[in-house]
Amino acid sequence: MEPLQSLRGMVDLLPAVTATWQRIEASAREHFRRAGINEIRTPLLEVTELFARGIGEATDVVGKEMYTFLDRGERSCTLRPEGTASVVRAAIQHGLLSQGPQRLWYGGPMFRYERPQAGRQRQFHQIGVELLGVADAESDAEAIAIAWDLLADLELGGLELELNSLGTLDDRARYRAELVAWLEAHREQLDADSQQRITTNPLRVLDSKHPDTQAVLAGAPSLHDALSPESHERFAQVRRGLEALAIPFRLNPRLVRGLDYYGHTAFEITSNQLGAQATVCGGGRYDGLVQQLGGPATPAVGWALGMERLVLLLSQAAAKGAELSQSAAPDLYVISRGEAGAQQALLLCRLARQAGLIAERDASGAAFAKQFKRADRSGAPWAAVLGEEEAAEGVAKLKDLRGEQAERRLPPGEVVALVKQSLAACGRQP
RNA sequence: GCGGGCGUCGCCAAGUGGUUAAGGCAGCGGCUUGUGGCGCCGCUAUUCGGGGGUUCGAGUCCCCUCGCUCGCCCCA
């Protein structure tokens, strides 16, 4: 039989890393709780049209990266490639927006059919925040601050906040025309990809990674100069907001987000330690999206962070020194022999667990020497032995694995009490 | 979709055409028929991702294929 494998780009998270995931999730939850942001959970599967309309038909995500299929009712369904469209759909569907501004967060798997590489999988995980119904520039700063503080708490170094304003739709339309004209005039000096994008997505030419193209682009018209005075002022206000919070940022006039719904504020938090996929968190303002999805005109700002990339950073940090959290050593390791012994061992474990202890039972039936070896390796301070003799007498032999105390034969209840007491004595709270 | 690198036991890993595929960790058994941490002994890949080919002979060379990985594109 050929062993089966997971699908390409679909990754198992083994116990060795789940602790890191939980740490990030717990930290995020706490930050959201303090910020008055509530969790929303939406389905993984949505009608394809939601993403086509929300993200934009012309984007790469919609054009070539979606997991789309027909269900048994011949409806076109898509595994969500991002979270915002679903959250907005849910808010509209349940009338949340008529109850005032909504501060929401979500987390979970997203799906994009791409070639996997470092920090990029086909099923990947995001945690995101959406502030719906807030128009002020300070809300942009607040959203960014929440992401920034959350990441700071994880003690990650080498992070940088990049900031730009995409202006309004009008601003961009005007700029786009100007840029296309300029790009056409310099077409010969651009790399093939960029030439292609003059027609498909001219703004994206700006952050081409091609060095020659970048050099040519130095003379290109800047989006910044094309912003209307109002857009300019709004951007300045966001920056003043961040400055007031002492959050450092770098202006990046080339920062263009790949999803159509962004306007005005756009930002990314990047790491210099991640390789090619350096963006840990990305987001911005999307004032037009709610209406575009059939809801009431509602300004909004939000972001999403990539769990895999965070985990990558955290693992690197751990490799450099600090130990990654491991599963806890048991308080009591129970070894046994024979059916009666195994039963008593199970009973003892259950009693211990009911009392709040971490109890592990050796189920190998191996020689006692082996079981003691495993007891030792488990890191448990105590081992309980249940052989034929103990089982017959209704006691367990309790052995101190780390100290000098003599073995004692005790009924199960007293074993649990004694272990608990010893933990309390050395300051550990079971 | 397009490039580059890689693929030897659960994990790490030697091997660079010559005939029995090192070693370490983990695992299992024993020295120790009911007591661990040390030590010692033994066992664990008819096989080198898979399939073809070259050769007297291939893990080692060639082709195809699958997988992993890094990068491009794009994004979290």
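Lettering of chains follows the sequences in order, A, B, ..., and the numbering in each one begins at 1. The model shown is predicted, which means the values in this text are computed figures rather than measured ones.
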Exercise for the section: Would you check if Phe368(A) stacks with the base of U35(B), given a 5.5 Å centroid limit and a 30° plane limit, both strict? Expected result: no
Practice task
For the residue pair Asp149(A) and His31(A), confirm or rule out a side-chain donor-acceptor distance under 3.5 Å.
Solution key: no
Fill in the blank from the handout: Whole-Å distance, Gln5(A) CD to G49(B) P, equals 14 Å
Exercise for the section: Classify the side chain of Arg120(A) versus the base of C73(B) as yes if they form a donor-acceptor pair under 3.5 Å and no if they do not. Expected result: yes
Handout entry: Side-chain donor/acceptor contact of Arg8(A) with base of C66(B) under 3.5 Å
Key = no
Exercise for the section: To the nearest Å, give me how far apart CD (Glu114(A)) and C1' (A76(B)) are. Expected result: 10 Å
Handout entry: Euclidean distance, Glu360(A) CD relative to Ser378(A) OG, rounded to 0.5 Å
Key = 6.0 Å
Completion exercise
Among C74(B), A76(B), C73(B), the one nearest any side-chain atom of Lys64(A) is C73(B)
Practice task
Give one of base, sugar-phosphate or nothing for Ala375(A), where a contact means two heavy atoms less than 4.0 Å apart.
Solution key: nothing
Problem - Per Arg115(A) side chain, nearest of listed nucleotides C70(B), G36(B), C73(B) - result: C70(B)
Practice task
Measure from the side-chain heavy atoms of Arg112(A) and tell me the nearest of U35(B), C75(B), G3(B).
Solution key: C75(B)
Exercise for the section: Using whole Å, report how far CG of Asp12(A) lies from C1' of G67(B). Expected result: 15 Å
Practice task
Could you give the distance separating C41(B) and C25(B) at their P atoms, to the nearest angstrom?
Solution key: 12 Å
Practice task
Measure from the side chain of Gln277(A), starting at C-beta and using heavy atoms only, and say which of G36(B), C75(B), A76(B) lies closest.
Solution key: C75(B)
Handout entry: Atom-pair distance (CG on Asn252(A); P on C75(B)), nearest Å
Key = 14 Å
Exercise for the section: Scan every strand shown for a Watson-Crick or G-U wobble partner of G27(B), both distances under 3.5 Å, and answer none if you come up empty. Expected result: C43(B)
Handout entry: Sugar-phosphate only, base, or nothing, as touched by Leu259(A) at under 4.0 Å among non-hydrogen atoms
Key = sugar-phosphate
Exercise for the section: Would you please say whether a donor-acceptor pair under 3.5 Å links the side chains of Ser336(A) and Gln344(A)? Expected result: no
Exercise for the section: Just call it for Val61(A): base, sugar-phosphate, or nothing, with non-hydrogen atoms closer than 4.0 Å on any strand. Expected result: nothing
Fill in the blank from the handout: In whole angstroms, the gap separating C1' of A76(B) from CD1 of Ile24(A) amounts to 13 Å
Handout entry: Distance-only donor-acceptor test (3.5 Å): side chain Arg204(A), base C74(B)
Key = no
Exercise for the section: Measure distances between side-chain N and O atoms of Gln117(A) and base N and O atoms of C73(B), and say whether any donor-acceptor pair falls under 3.5 Å. Expected result: yes
Fill in the blank from the handout: C72(B) -> Watson-Crick or G-U wobble partner, both distances under 3.5 Å, gives G1(B)
Handout entry: Qualifying residues under salt bridge (charged side-chain N to carboxylate O under 4.0 Å, His left out), relative to Arg239(A), sequence neighbours excluded
Key = none
Exercise for the section: Give none if G67(B) has no partner; otherwise give the nucleotide forming a Watson-Crick or G-U wobble pair with it, both distances under 3.5 Å. Expected result: C6(B)
Problem - Same-atom distance (C1') from G51(B) to C40(B), integer angstrom - result: 46 Å
Exercise for the section: Please state how far atom CD in Gln195(A) lies from atom P in C72(B), giving the value in whole angstrom units. Expected result: 20 Å
Handout entry: Nearest-Å distance for atom pair CZ/C1', residues Phe124(A) and C75(B)
Key = 8 Å
Exercise for the section: For Asp400(A) and for Arg257(A), find the nucleotide of RNA chain B with the closest heavy atom, then tell me which residue's nucleotide is more 5'. Expected result: Asp400(A)
Exercise for the section: Find out whether Arg257(A) and Leu259(A) are in side-chain contact, i.e. whether some heavy atom of one side chain is under 4.5 Å from a heavy atom of the other. Expected result: no
Problem - C1' gap between U8(B) and G15(B), integer Å - result: 9 Å
Practice task
Please report, rounded to the nearest Å, how far the C1' atom of A76(B) is from the CZ atom of Arg80(A).
Solution key: 13 Å
Exercise for the section: Give one of base, sugar-phosphate or nothing for Gly128(A), where a contact means two heavy atoms less than 4.0 Å apart. Expected result: nothing
Exercise for the section: Check every strand shown and say whether Glu389(A) touches a base, only sugar-phosphate, or nothing at a heavy-atom separation below 4.0 Å. Expected result: base
Practice task
Identify whether NZ of Lys or CZ of Arg in Lys399(A) sits under 6.0 Å from the centre of the six-membered ring of Phe372(A) and within 45° of that ring's axis.
Solution key: yes
Fill in the blank from the handout: d(Arg187(A) CZ, Leu183(A) CG) to nearest 0.5 Å is 9.0 Å
Practice task
Look only at the side chain of Gln371(A) and the backbone of Ala366(A), and say whether a donor-acceptor pair between them is shorter than 3.5 Å.
Solution key: yes
Problem - Nucleotide nearest Ala276(A) when distance is taken to its side chain, options C75(B), C74(B), G71(B) - result: G71(B)
Exercise for the section: Could you check Asp60(A) against Glu390(A) and say which one's nearest nucleotide on RNA chain B is further toward the 5' end? Expected result: Glu390(A)
Problem - Residues Thr78(A) and Thr68(A): side-chain donor-acceptor under 3.5 angstrom - result: yes
Problem - Rounded distance in Å between the P positions of C6(B) and C64(B) - result: 16 Å
Handout entry: Donor-acceptor pair under 3.5 Å, Gln371(A) side chain vs U35(B) base
Key = no
Exercise for the section: Please measure how far the C1' atom in U20(B) lies from the corresponding atom in C48(B), and state the result in whole Å. Expected result: 15 Å
Problem - Donor-acceptor pair between Asp260(A) and Thr59(A) side chains, under 3.5 angstrom - result: no
Exercise for the section: For Glu388(A), answer base if it contacts any base atom (sugar-phosphate contacts may also be present), sugar-phosphate if it contacts only those atoms, and nothing otherwise; contact means non-hydrogen atoms under 4.0 Å. Expected result: base
Practice task
Please determine, by modelled atom types, if Arg374(A) and Ser364(A) share a side-chain donor-acceptor pair under 3.5 angstrom.
Solution key: yes
Practice task
Pick the P atom in U60(B) and in G7(B), then give their distance to the nearest Å.
Solution key: 11 Å
Please list, for nucleotides 25-29 of chain B, all pairs of protein and nucleotide N/O atoms separated by less than 3.5 Å.
residue : atom : partner   : partner atom : Å
G27(B)  : OP1  : Arg377(A) : NH1          : 3.1
G27(B)  : OP2  : Arg377(A) : NH1          : 2.8
C28(B)  : OP1  : Arg374(A) : NH1          : 2.5

Exercise for the section: Using the C1' atom as the reference point in each nucleotide, state the distance between A45(B) and A26(B) in Å, no decimals. Expected result: 16 Å
Practice task
Quote, to the nearest angstrom, the C1' distance that separates C62(B) from U54(B).
Solution key: 7 Å
Fill in the blank from the handout: As its Watson-Crick or G-U partner within any shown strand, both distances under 3.5 Å, C38(B) has none
